[in-house]
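Computed from a prediction, not measured in an experiment: that's the story for all the values here. In what follows, chains are A, B, ... by sequence order, proteins preceding strands, each numbered from 1.
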2 protein chains.
Amino acid sequence: MKERYKLPCNIAQTLNIVGDRWTLLILHDILIGHQTFNELKKNLEGISANLLSDRLKHLEKAGLVETEVYTKHPPRYQYKLTESGRDLEPVFDALLLWGRDHLDHCYKKMVHSDCQHEVELSYYCPSCKKTVDKSEIDTVSAVTSDLYTR
Amino acid sequence: MKERYKLPCNIAQTLNIVGDRWTLLILHDILIGHQTFNELKKNLEGISANLLSDRLKHLEKAGLVETEVYTKHPPRYQYKLTESGRDLEPVFDALLLWGRDHLDHCYKKMVHSDCQHEVELSYYCPSCKKTVDKSEIDTVSAVTSDLYTR
DNA sequence: CAACTAAGTTGATTTTTTTAACTTAGTATA
DNA sequence: TATACTAAGTTAAAAAAATCAACTTAGTTG
């Protein structure tokens with residue numbers, strides 16, 4: 001993929017990697033256990049084979065997906081997420097929870113297994129070892145530590 | 001927008017609303033305070049006027065954005081996020097934090113204002129009033145409460 | 001040996017996005 | 001008062017991306 005968005009912004013640059021049509025859904029489908037080409041194709045109803053092929057190649061190059069031989073004869077591969085691919089989980093969960101709250105029809109929710117109550121996303125400071133409110137968080141430039149808004 | 005993805009999945013259906021090229025970046029730019037058409041156009045380097053116009057119309061229809069007159073003469077509008085638009089914040093933050101961890105060049109980070117340490121996303125059970133680990137969370141069908149994997 | 005399956009590839013068509021020029025209404029400037 | 005300028009778009013053409021449908025290749029099964 002060419003660098004589509006040129007903005008100096010984590011979100012834009014992340015979307016340059018995972019923001020194309022179908023890409024996040026492919027990654028999510030691998031995450032939940034669909035690992036062969038045809039399994040993915042079957043599960044992602046509506047995707048075309050060439051697009052799936054292109055996306056998998058791109059994601060492998062970008063280091064989010066890796067292939068692994070699972071039978072030698074005939075040679076068969078399975079697609080797996082790398083660590084950086086698995087690290088998209090909060091993105092999937094944030095989208096899932098937005099959908100839970102705002103879609104006309106909600107398909108999935110996330111509940112705490114102990115009590116079966118729905119969970120939320122929150123922010124955690126590993127140094128203070130506590131949950132912090134969004135209002136206590138600064139989004140700062142990674143370079144100068146100046147306060148930034150993007 | 002037509003219903004592009006037909007999958008019975010919160011993530012796919014959410015991406016039907018916000019997954020088109022430029023859409024999340026537009027929403028984020030409104031969130032951080034750019035509210036007029038030309039401000040958005042200037043800040044989203046590379047976007048074309050007609051696409052920005054189309055996206056804003058779509059987002060208004062979908063209820064994530066609303067317009068407000070801010071001068072009568074000449075009539076001038078500003079774009080604002082509705083509550084459902086603002087609720088995308090965890091999505092933006094999850095993308096930002098993925099970028100912090102995995103982009104070659106990181107532009108922004110999020111720190112706890114008290115201690116200046118970088119924060120993480122976590123899951124919170126409002127019923128148990130505590131942070132819960134992802135391993136303690138079930139993603140279940142919203143309808144039948146059966147365990148589901150999508 | 002014929003049919004089948006997995007994992008794609010190829011080429012044509014359709015849809016989206018980009019590029020660039022134009023519009024419209026009001027404001028400010030010479 | 002004509003002229004240029006700005007905000008907020010629209011329009012049309014060209015380019016790029018996605019979809020659709022058919023084909024390929026290598027190995028397997030009946």
task: Encode nucleotides 17-24 of chain C as B, S and - characters from 5' to 3', where the letter depends on protein heavy atoms closer than 4.0 Å: B to the base, S only to sugar-phosphate, - to neither.
output: SBB-----
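- By the 30° and 60° cut-offs, the orientation of the rings of A:H105 relative to A:Y107 is perpendicular.
- At least one donor-acceptor pair closer than 3.5 Å links the side chain of A:T14 to the backbone N or O of A:N10.
- Residue A:L40 contributes atom CG, which lies 12 Å from atom C1' of C:dA7 at whole-angstrom precision.
- Of all heavy-atom pairs between B:S113 and A:D138, the closest is CB-OD2, 3.4 Å.
- Residues satisfying the side chain to side chain contact (heavy atoms under 4.5 Å, CB included) test with A:N50, not counting sequence neighbours, are A:S48.
- Looking at B:K80 and B:E68, a side-chain N of the basic residue comes within less than 4.0 Å of a carboxylate O on the acidic one, giving a salt bridge.
- If you take NZ of B:K57 and P of D:dG9, they are 8 Å apart, rounded to a whole angstrom.
- Between the CD atom of A:Q35 and the C1' atom of C:dA7 there is a distance of 16 Å, given to the nearest Å.
- Residues A:L56 and A:I30 meet the side-chain proximity criterion, which asks for heavy atoms closer than 4.5 Å.
- Between the C1' atom of C:dA7 and the CD atom of A:E39 lies a distance of 13 Å, rounded to the nearest Å.
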Between the protein and nucleotides 5-7 of chain D, are there any N/O to N/O pairs under 3.5 Å, and if so, what are the atom names and distances?
{"residue": "D:dA7", "atom": "O4'", "partner": "B:R76", "partner atom": "NH2", "Å": "3.2"}
{"residue": "D:dA7", "atom": "O3'", "partner": "B:R76", "partner atom": "NE", "Å": "3.2"}

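- One interatomic measurement links the two molecules: NZ of A:K41 to P of C:dA7, which rounds to 12 Å at whole-angstrom precision.
- Using cut-offs of 30° and 60° on the angle between ring planes, the pair B:W22 and A:Y5 is perpendicular.
- B:K134 contributes atom NZ, which lies 11.5 Å from atom CG of B:L121 (distance to the nearest 0.5 angstrom).
- As a whole-Å value, the separation of A:D54 CG from D:dA16 P is 16 Å.
- For D:dT19, the OP1/OP2 oxygens have no side-chain nitrogen or oxygen of B:Y5 closer than 4.0 Å.
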